[in-house]
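These notes concern the structure reproduced below.
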Amino acid sequence: MERFDFLVIGAGIAGLSAAIRLANVGTVLVVTKEELAESNTAYAQGGIAVAMGGEEDVALHLEDTMAAGDGLVNREAATVLVSQGPQRVEELLDWGTAFDRAPISEGGELMRTREGAHSRSRILHANGDATGKEIAVSLLRHVREIAAIELMEWTTSVNLMVEGGRVVGATLLDGEGGLRVVQARAVLLASGGAGQVYSDTTNPAVATGDGIAMAYRAGAEVSDMEFYQFHPTAFSAPGAPRFLLSEALRGEGAFLVNAKGERFMERYHPLLELAPRDVVARAITLEGMDGPVYLDMRHVKNDLQARFPGISKFLAGYRLELGRDLIPARPAAHYLMGGVRTDVQGRTSLPGLYAAGEAACTGVHGANRLASNSLLEGLVFGALAAETMIAEVPQGEVGSTAAPAAAAVGVSTEAATERWIAELRELMWKYAGLLRDANGLRQAQRGLEALAVSMPKGLFRRAVEARNLHAVAELIVISALGREESRGAHYRNDFPLHDAVGRHSVMQQGRLEFVA
Ligand SMILES: Cc1cc2nc3c(=O)[nH]c(=O)nc-3n(C[C@H](O)[C@H](O)[C@H](O)COP(=O)(O)OP(=O)(O)OC[C@H]3O[C@@H](n4cnc5c(N)ncnc54)[C@H](O)[C@@H]3O)c2cc1C
């Protein structure tokens, strides 16, 4: 049994941003499933949206966030995001994050780009298209200098420990397969999204929704799980990974063209290629029924290799070049708007448990996230959650006699577990993906029931993830079936219209409710 003041599950932008603050008052253990650098944060390309141009800029950022969220954004959370964002980004700059700047001869100002549904160019980027990596590296550099923070890699949290209704720690599976029990005065879930629940995703392997599944099992409320953002443009070639082709490509002028070489976005939205993501993703899916869809930058005169070095390097592996070739693209699961339900201070419905970043749902993105708002979300709400944890930390001994949850009986093989996971991911892509209806969602539900019979058993990472993916898939399907309307990223062919009033779905212990 190990004891820390605070346990932070996840080392992405939300977890690290929180840990830095928590370390001011106590000991902090940060656990992460793989190497510290492996998180969704590290893969972020386009940038971080932040209104650093004064009050008007902040007000416009708020309006853009509200509009993208399609009537479901929590205005209080969005106001906190856009108004506290500039201060948090200044801190990042102080900690050494090197965002791209104009040459010194031209004033050395921070460069800003624009992405879909932003009314202004307000997105800071680093090393062209490697913003997340630069942020992760600079945060980790800073965190490593703080003695009160212990970093534990290759460690998977399995279950939360709850005693007397309060979360008092978690059980962890270390790199050698050993079970560890960690007690803490407060626990922060900063475990990121769940893109791996779909066969087609831009998310890395660590994104299996573990934190959400753990919180739900422990009795916490989970909200808006039907809202999965499908990024319109992930690379599309047989056998190739669904590598993200950043929205910044369209921000820099890329057109979308169909198999006939026609630009088609004017038929779908007045903002054309920079329309909200859900609109662009659906348009590509519909146009893609008649053949491939491409990003076309052949008319763009900027130095695209310099602006997008990471994407250019990836494409070179397929003998493709931005500005010279048509680049095949189609949607992939990208960002979960839903998650563990929290208030803007990061409190979940369980005492002792807090959540921030993609694992959490403050309602800040509503039904559809505005591009590049999620790095900012992790930064702002990670810091806020830490402040709340500090303010509410119980004094005295945090004792727990709770024994870790017993492991399932029996052990599945690695190969059987991989096959089972692949089946679940295909099922979700086919029936609970971008275009949904009751028949398909019921098929998904039946498929999940059938998979539950052969649920992978045992205490090894992939079996733990398999069970979590199943829990997250069920939450998505049940919430999607319950939402009989189309809104933001959730599109129902059988209910194409909006309800008059936007409501959030909330699930707790098998019950689904819709609340204002
Ligand atoms: C390809 C790609 C490009 C993107 N581009 C942008 C962009 O340009 N701008 C933007 O704003 N957003 C972008 N996003 C989204 C953004 O990167 C994420 O939403 C954000 O980084 C999430 O941060 P986080 O700290 O909440 O989670 P993450 O960064 O995903 O970190 C989660 C952490 O939790 C750990 N973890 C998970 N489960 C467990 C467990 N059971 N036990 C222990 N540790 C666990 C993981 O190992 C990881 O360390 C992009 C996402 C992807 C995938």
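Please read all numbers here as calculations on a predicted model, not as lab measurements. First listed ligand is number 1; within each ligand, the first listed atom is number 1.
Test Thr285, Asp200, Thr233 against Arg330 for side-chain hydrogen bond (donor to acceptor under 3.5 Å, both in side chains) and you get one pass: Asp200.
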**Prompt:** Which is it for Phe230 and Tyr335 under the ring-ring contact (aromatic ring centres under 6.0 Å, His included) test, yes or no, and what are the steps along the way?
**Reply:** CA-CA 7 Å; Phe230 295 86; Tyr335 179 87; over 10 Å; no
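Arg462 and Glu414 are not joined by a salt bridge, as no carboxylate oxygen comes within less than 4.0 angstrom of a charged side-chain nitrogen.
Applying the ring-ring contact (aromatic ring centres under 6.0 Å, His included) test to residues at least two apart or on different chains, none of the pairs has a partner in residues 111-141.
The side-chain contact (heavy atoms from CB on, under 4.5 Å) test applied to Ser17 returns Arg21, Leu379, Ala383, not counting sequence neighbours. Residues meeting the side-chain contact (heavy atoms from CB on, under 4.5 Å) test with Arg217, sequence neighbours left out: Asn159, Ala213, Met214, Asn468.
Using a heavy-atom distance under 4.0 Å as the criterion, the protein contacts of ligand 1 are Ile9, Gly10, Ala11, Gly12, Ile13, Ala14, Val31, Thr32, Lys33, Glu38, Ser39, Asn40, Thr41, Tyr43, Ala44, Gln45, Gly46, Gly47, Thr155, Thr156, Ser157, Ala190, Ser191, Gly192, Thr202, Asn203, Val206, Asp210, Leu244, His334, Tyr335, Gly357, Glu358, Arg369, Ser372, Asn373, Ser374, Leu375.
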